[in-house]
Amino acid sequence: MKKRISVILMTAMLTAALAACSSGTGSGTSQSDAAASQADTAASVAADTSATAETTDAGETEQPAESELEGEITFWHSFTQGPRLENIQAAADAFMTDHPKVKINIETYSWGDFYTKWTTGLASGNVPDMSTARAGEVVEMINADAIIPLDDLIDSIGRDRFYESPIQEMTYTDGQCYAVPIYSHAYVMWYRKDLLEKYNLDVPKTWEEFNAAATAITEGENGEVYGCSVPMGTNDNYATSFLDVYVGSARESLLTQDRKPNLTSQTALDGIQFWVDMYHNNSPADSINFNTLDQATLYYQGKNAFDFNSGFHIGGVESNTPDLLDYIDCAPIPTPSGDGNPDYIVNNMPMVVWKNSEHPEICKAFIEYFYSPDRYIPFLHSVPVGMMPALKEITNDPAFLENDTIKKYQNAMETISNALSHGTYTAMEYGPCVEAGILANQRVIEGMFQDIVLNGTPVEDAAAAAEAQLLELFSAAE
Amino acid sequence: MPVKRKTISSLTSWLFVLPALLVVVLLMLYPVTSSIFYSFTNKNLIKADFRMIGLDNYKAILTDNTFWTAFLTNLKWTAASLLGQLLIGFSAALALNRIKKGSGIYRTLLIIPWAFPSIVLAFSWKWILNGVSGFLPNLLVKLGICDTTPQFLSSAALAFPTLVFLNIWFGAPLMMVNILSALQTVPQDQYESARMDGASPLQSFVHITFPHIRMVVGLLVVLRTIWVFNSFDIIYLITGGGPGSITKTVPIYAYDTGWGMRMLGKSSAVTVLLLLSLLFICSMYFKLLNRWEKENA
């Protein structure tokens, strides 16, 4: 009898297990059907929007339409630092209070983890409803058919309110815009005013002056401060940024117009040689393995005289060595001749809505909600000078300007604002393309620098090998 | 009737085992078969469509110098780590076996690295060995042992030995604990008899200790070979395979290919080759273990 019971129990357990399996399969099927239902969802969103418009035209409040929002979404973002994290969470909490039937699950990943997470999650459908992204990744996401166009959202917020270049950068060849910029920043040259003064140096305007200044400081400080650390770690793309800074200063690109890698042009070769020499003469040997954080920390701690980064450096110095806050400032990137505006590296950080989302209407409503000044300005203030507004009117909004750090670093604000209007994301000078993302994210250039430094490979050979490797990657992505 | 009862009993046993069996088989079967399948395709990590390309991935890998460099590094990494772990683990176990008081404290202290996640260990070591502000390089300079801060993680000469040292530091305690347990099972009367017969300590070790513990040591070596050969986290977190490709082992090469360059098909082929290499090495070990088992029997 006992055995019979156990057989029955086992059969029941197995049936339950199989049912669970089949329900999993079912969910897989429904995920594969998600694409098909996407059109329906989009249509219903469009219908909702027009219904809202009609109601508004009729003179009624928007509240009834908004209160209809119902569902659960997952939001991945990469704002790992405290104040930004808290601001996003506060915005989500407030949105959920206004829309009690909505639940926003926030998951935070560092930029590096985020890239791995979405690329691996794509195959299994394990992607969020909405997320932040890096500008170079948006094209890859479009290419992978992973995100949806957001023109309706941009129009709803007000297309004219956004700066033009970020919108252009996120507009693909099909003419649709797939991302909404939330803030921008640009790489400028950060320096130590006290060290320039100590060694009687002017702010360098050419690369020659830059080299001379970095060398003078390295020699004078005798290992206490490095002239300019050159990060070459293959677990980040900082060496690519440094090379892009040099090439951009000559108003050239790391990609040709027909989207081929451009590492063997004379300017690129000069740039590679310049940074290799800088590494040997003015950089800690350890920087061959440096990632963004290692490099930034060196500047935060006052051990690096020059660095190329965004206004985030102010917050980093404030946290690590507040005594240095009066001695840091930034200037335009040096150029070969000292004249003209270089092409800067500009990061327009976007938010995207994923195709797998069952509630794009909630994602869009939340993004729109986020841009209200009482949410958006505190968010920007969480890293003052680091995050520049994506909306034009906020730039001159007294509430935005009324911030001690922004007031103190007025020169940095102006320098970065100017840079924002003269640049693109790495290798996107000829428009957004998958190749730019690959070039920026595949660490081929970092490998090239390490090859030159460690193996003594001639610059020309290493550059040609890196070009060949990039070409292979480009063709694999076609 | 007894036959029927036996059949039901057998069926019940199988039914109880089946869920666990299904989970294990599916969890092992899926990744292995999918890796083998994708290794014959041009599957890209973020693209849905792919096609069969036969042995192209294998040809590309086997003609890639970087792969062979990584493979050689992998062999050196495994051999050096294993040898170091075994020597230190064995020596520590023999020493602790002779200590009557406080051996538990030593054992606990030595096993501490295993209480921490590898990311904590990796970042701690990265911080300790940092060539600019790291504690150890600066201490060496302050003590006058070095003129300039040694670049443990970025020098072409030091990066690999440093990683091997860290792996030995991490792996030796596990060897020690297991070998110590095995040592404590050796009958003490055999030592006493040997001593009465005038056997030297070395003879006692060779003829009594080693035959008793060699199966445990052998199995430990097999397990550690698999773990060390496949180890990824500690290398990736500390050096990322760099500088250059100096610390790039096959698992890092596979990761870079699949997740860095997104060539999942090629990366799968690397993992299949890795699996075959491990199977070959382990089959050698098991051959030896079987021989020892027969000798013991």
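Lettering follows sequence order; numbering is per chain, from 1.
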With a 4.5 angstrom heavy-atom cut-off, which part of [X] approaches chain B: side chain, backbone, both or neither?
| X | result |
| --- | --- |
| A:Thr234 | side chain |
| A:Gln469 | side chain |
| A:Phe449 | neither |
| A:Asp294 | side chain |

Original post:
Closest approach of B:Val132 and A:Asp286, non-hydrogen atoms and distance?
Top reply: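 Between these two residues, the closest heavy atoms are N-OD2, 4.2 Å.
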
Got a second to check how far [X]'s [atom1] is from [Y]'s [atom2], nearest 0.5 Å?
| X | Y | atom1 | atom2 | answer |
| --- | --- | --- | --- | --- |
| A:Thr119 | B:Trp259 | OG1 | CH2 | 8.5 Å |
| B:Leu153 | A:Ile288 | CG | CD1 | 12.0 Å |
| B:Leu45 | A:Leu122 | CG | CG | 8.0 Å |

**OP:** Please say whether more than 12 non-hydrogen atoms of neighbouring residues, nucleotides or ligands are located less than 6.0 Å from CZ in B:Phe50.
**Re:**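 Enclosed.
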
Original post:
Using a heavy-atom distance cut-off of less than 4.5 Å, which residues of residues 242-255 of chain B contact chain A?
Top reply: B:Gly242, B:Pro243, B:Gly244, B:Ile246, B:Tyr255

**OP:** Give the member of B:Gly260, B:Ser154, B:Ser133 that has the highest number of heavy-atom pairs under 4.5 Å with chain A.
**Re:** B:Ser154

**OP:** Go through B:Arg262 and A:Leu473 one step at a time and tell me if the side-chain contact (heavy atoms from CB on, under 4.5 Å) criterion holds.
**Re:** CA-CA 9 Å; B:Arg262 278 164 264 169; A:Leu473 290 171; over 6 Å; no

